[in-house]
K.L.:
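Quick one: structure below, then a few questions.
A, B, ... follow the sequence lines: proteins, then strands. Residue 1 opens every chain.
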Amino acid sequence: MERLRLGVSAIFNLDYTLGCGQVFRWEKAGEWWYGIIKDRVFKIRQNGRDLIFENADKAFVKRYFSLDVNLREVLLSISKDYHIKRAIQHFKGLRIVRQDPWECLISYICATNKNIPGIKRNIEALSQKFGESKIFERKVFYSFPTPAKLAKASLTELRSCGLGFRAKYIREAARKAMQGNISFEDLRKTSYEEARKKLLHLRGVGYKVADCVLLFSLEKLEAFPVDIWVKRTILKHYGIHFDKGFSEKVSGKNSLLPNEYKALSEFGRRYFGKNAGYAQEYLFHYERLVRH
DNA sequence: CAAGTGCCTTTATC
DNA sequence: AGATAAAGGCACT
């Protein structure tokens with residue numbers, strides 16, 4: 001058992017962070033959150049300014065939960081108006097974690113046109129079928145499969161995980177990753193635009209999926225993913241920044257054309273600045289949980 | 001309860 | 001070029 005005491009000004013809320021929909025494999029049982037990262041199961045809980053965890057070291061916890069990020073500063077930088085301030089007030093302490101990029105990529109390829117419970121089921125099925133089992137506290141956990149493991153899988157096997165048309169995209173991505181054609185380290189180091197361009201070459205990855213991977217695993221905090229919920233929020237509260245025709249056209253339907261996605265996402269980046277991704281996540285969570 | 005709609009969209013085809 | 005259809009399957013109403 002390890003303990004990490006947060007600084008007086010280190011704002012952090014574990015429940016918001018793990019419950020906001022950015023990660024798919026954490027489960028809360030009683031007070032504890034159980035997760036598996038790479039091939040290690042660990043559990044963690046929060047008690048005020050203390051984080052208590054088992055089977056992970058402090059450096060890892062700090063890094064994974066982005067505790068090195070000055071959240072106060074980040075939130076200040078995006079506090080542009082009443083709407084975002086209200087969302088921040090509600091979920092203060094929500095941090096964007098640093099997911100494993102490989103798992104993140106596959107997760108968001110699965111997310112295409114799916115809801116969150118559906119995505120969770122896909123990831124869980126993939127892990128059970130192709131990952132390695134780990135016993136922790138007499139319970140079985142499955143690690144997320146490596147690229148090599150998924151590259152070897154047949155389309156039928158992949159489909160049996162409920163992936164549907166996404167199965168072939170996942171296999172392709174796995175093959176590329178296995179051959180070393182996707183360097184997540186390089187993507188992390190390059191600029192948002194460059195990294196996005198590279199991710200867009202992958203089939204099954206459009207602007208939305210690319211933005212999610214960039215924000216949730218590659219430290220591109222300016223990425224502003226626009227899904228159906230964020231689209232609603234933007235049009236509802238920030239419609240004044242778009243012309244009437246655009247707003248009316250986009251609000252009436254439940255999908256976005258590439259240029260419509262771009263307009264909304266670029267607005268978010270311009271309006272909220274270099275930490276726009278944080279604004280996106282607070283707005284998303286607020287719209288889903290509070291407003292809807 | 002059944003049936004319809006929608007989902008943290010992308011690709012292929014008009 | 002720009003719109004539209006097609007692509008799992010589950011959750012929600």
K.L.:
Just confirming the chi classification of C:dG8, syn or anti, using 90° around 0 as the syn window.
P.N.:
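This nucleotide is in syn.
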K.L.:
Taking the inter-plane angle between the rings of A:F141 and A:Y34 on a 0 to 90° scale, is it parallel (under 30°), tilted (30 to 60°) or perpendicular (over 60°)?
P.N.:
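It falls in the parallel class, under 30°.
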K.L.:
Between A:Y192 and A:D211, is there a side-chain donor-acceptor contact under 3.5 Å, judged purely by atom types and distance?
P.N.:
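A donor-acceptor contact under 3.5 Å links the two side chains.
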K.L.:
Any side-chain heavy atom of A:L215 sitting closer than 4.5 Å to one from A:K220?
P.N.:
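Not touching, per the 4.5 Å side-chain cut-off.
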K.L.:
Which part of the nucleic acid, if any, lies within reach of A:V226 when heavy atoms closer than 4.0 Å are counted: base, sugar-phosphate only, or nothing?
P.N.:
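Nothing, no nucleic acid heavy atom in range.
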K.L.:
Which string of ( ) [ ] | and . matches DNA chain C, if you list each base 5' to 3' and count Watson-Crick or G-U pairs only when both distances are under 3.5 Å?
P.N.:
.||||||.|||||
K.L.:
Any salt bridge (Lys or Arg N to Asp or Glu O under 4.0 Å) pairs touching residues 89-103 of chain A, not counting sequence neighbours?
P.N.:
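Salt bridge (Lys or Arg N to Asp or Glu O under 4.0 Å) check on residues 89-103 of chain A returns A:K38-A:D100, A:D68-A:R98, A:R98-A:E219.
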K.L.:
Among B:dC7, B:dC8, B:dT11, which nucleotide sits nearest the side chain of A:R232?
P.N.:
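Selected nucleotide: B:dC7.
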K.L.:
May I ask you to test the A:H201-A:L199 pair for a side-chain heavy-atom distance under 4.5 Å?
P.N.:
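The answer is no; the side chains never approach within 4.5 Å.
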K.L.:
If you assign A:P258 and A:V23 each to the DNA chain B nucleotide with the nearest heavy atom, which residue ends up on the more 5' nucleotide?
P.N.:
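Its nearest nucleotide lies further toward 5', so the answer is A:V23.
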K.L.:
Separation of A:K208 atom NZ from B:dC8 atom C1', in whole Å?
P.N.:
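Answer to the nearest Å: 3 Å.
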K.L.:
Mind checking if A:L158 touches a base, just sugar-phosphate, or nothing, with heavy atoms under 4.0 Å?
P.N.:
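Since no nucleic acid heavy atom lies under 4.0 Å of A:L158, the category is nothing.
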K.L.:
Taking C:dA5 as the reference, what is the distance to B:dT5 when you measure between their P atoms (whole Å, please)?
P.N.:
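After rounding to an integer number of Å, I get 15 Å for this pair.
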K.L.:
Touch check for A:Y261, heavy atoms < 4.0 angstrom, all strands: base, sugar-phosphate only, or nothing?
P.N.:
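If one applies the 4.0 Å heavy-atom cut-off, A:Y261 turns out to touch nothing in the nucleic acid.
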K.L.:
Taking atom P in both B:dC8 and C:dA6, what distance in whole Å separates the two?
P.N.:
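Per the computed distance, 23 Å lies between those P atoms.
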K.L.:
At 4.0 Å (heavy atoms only), tell me whether A:V230 reaches a base, stays on the sugar-phosphate, or touches nothing.
P.N.:
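Contact class for A:V230: none.
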K.L.:
For every nucleotide of nucleotides 4-13 of chain C, 5' to 3': is a protein heavy atom under 4.0 Å from its base (B), only from its sugar-phosphate (S), or from neither (-)?
P.N.:
B--BB-SS--
K.L.:
In whole angstrom, what separates A:L264's CG from B:dT9's P?
P.N.:
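The distance from CG of A:L264 to P of B:dT9 comes to 13 Å, rounded to the nearest Å.
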K.L.:
Evaluate the ring planes of A:F246 and A:F242, with Trp represented by its six-membered ring, and classify them as parallel (under 30°), tilted (30 to 60°) or perpendicular (over 60°).
P.N.:
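Taking A:F242 first and then A:F246, their aromatic rings lie parallel (interplane angle under 30°).
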K.L.:
Tell me if the aromatic rings of A:Y108 and A:F24 count as close, with their centers under 6.0 Å from one another.
P.N.:
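Judged by ring-centre distance (under 6.0 Å), A:Y108 and A:F24 do meet the cut-off.
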K.L.:
Sequence neighbours excluded, which residues qualify as side chain to side chain donor-acceptor pair (under 3.5 Å) partners of A:S143?
P.N.:
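Side chain to side chain donor-acceptor pair (under 3.5 Å) check on A:S143 returns nothing, list empty.
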K.L.:
Counting just side-chain N and O atoms, does A:R203 come under 4.0 Å of either OP1 or OP2 of B:dA12?
P.N.:
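Indeed, a polar side-chain atom of A:R203 lies that close.
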K.L.:
Under 4.0 angstrom, heavy atoms only, what part of the nucleic acid is A:E281 near: base, sugar-phosphate, or nothing?
P.N.:
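The answer is base, as A:E281 lies within the cut-off (heavy atoms under 4.0 Å) of a base atom.
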K.L.:
Hey, are A:K197 and A:E194 close enough for a salt bridge, meaning a charged N less than 4.0 Å from a carboxylate O?
P.N.:
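Salt bridge between A:K197 and A:E194, a charged N being under 4.0 Å from a carboxylate O: yes.
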K.L.:
Expressed as a whole number of angstroms, how long is the span from A:L200:CG to B:dT10:P?
P.N.:
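So the two atoms are 9 Å apart, to the nearest Å.
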K.L.:
Find the distance A:H201:NE2 to B:dT11:P and express it as a whole number of Å.
P.N.:
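That distance rounds to 12 Å.
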K.L.:
Run through A:R86, A:K231, A:K236 and flag the one making a salt bridge (charged side-chain N to carboxylate O under 4.0 Å, His left out) with A:E287.
P.N.:
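Checked A:R86, A:K231, A:K236 against A:E287; only one passes salt bridge (charged side-chain N to carboxylate O under 4.0 Å, His left out): A:K236.
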K.L.:
Could you measure between the two P atoms, the one in C:dC10 and the one in B:dT11, and give it in whole Å?
P.N.:
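Nearest-Å result for C:dC10 against B:dT11 at atom P: 24 Å.
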K.L.:
When the P atoms of B:dT10 and C:dA11 are considered, how many whole Å apart are they?
P.N.:
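Per the computed distance, 23 Å lies between those P atoms.
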K.L.:
Rounded to whole Å, please give me the gap between CG in A:N259 and P in C:dA1.
P.N.:
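Rounded to the whole Å, the gap is 13 Å.
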K.L.:
In whole angstrom, what separates A:H285's NE2 from B:dC8's P?
P.N.:
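The distance from NE2 of A:H285 to P of B:dC8 comes to 13 Å, rounded to the nearest Å.
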K.L.:
Looking at A:R269 and A:E222, is there a salt bridge between them, counting it only when a charged N and a carboxylate O are closer than 4.0 Å?
P.N.:
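A:R269 and A:E222: not salt-bridged.
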K.L.:
So which one's nearest nucleotide on DNA chain B is more toward 5', A:F24 or A:G204?
P.N.:
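On the 5' side of the pair lies A:F24.
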K.L.:
Rounding to an integer number of Å, can you tell me how far A:N122 CG sits from B:dC8 P?
P.N.:
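One finds 13 Å between P of B:dC8 and CG of A:N122, rounded.
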K.L.:
Is there a donor-acceptor pair under 3.5 Å between the side chain of A:R188 and the backbone N or O of A:L218?
P.N.:
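Checked: no pair found.
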K.L.:
Nearest whole Å is fine: how far is B:dT10 P from A:E260 CD?
P.N.:
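So the two atoms are 13 Å apart, to the nearest Å.
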K.L.:
What residues in residues 80-111 of chain A put a non-hydrogen atom under 4.0 Å from any atom of DNA chain B?
P.N.:
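Nucleic-acid contacts, sorted: A:A111.
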K.L.:
Between side-chain atoms of residues 153-164 of chain A and protein atoms elsewhere (two or more places apart, or another chain), which donor-acceptor pairs fall under 3.5 Å?
P.N.:
| unit_1 | atom_1 | unit_2 | atom_2 | d |
| --- | --- | --- | --- | --- |
| A:S154 | OG | A:E157 | N | 3.1 |
| A:S154 | OG | A:E157 | OE1 | 3.4 |
| A:E157 | OE1 | A:S154 | N | 2.9 |
| A:R159 | NE | A:G164 | O | 3.4 |
| A:S160 | OG | A:E157 | O | 2.5 |

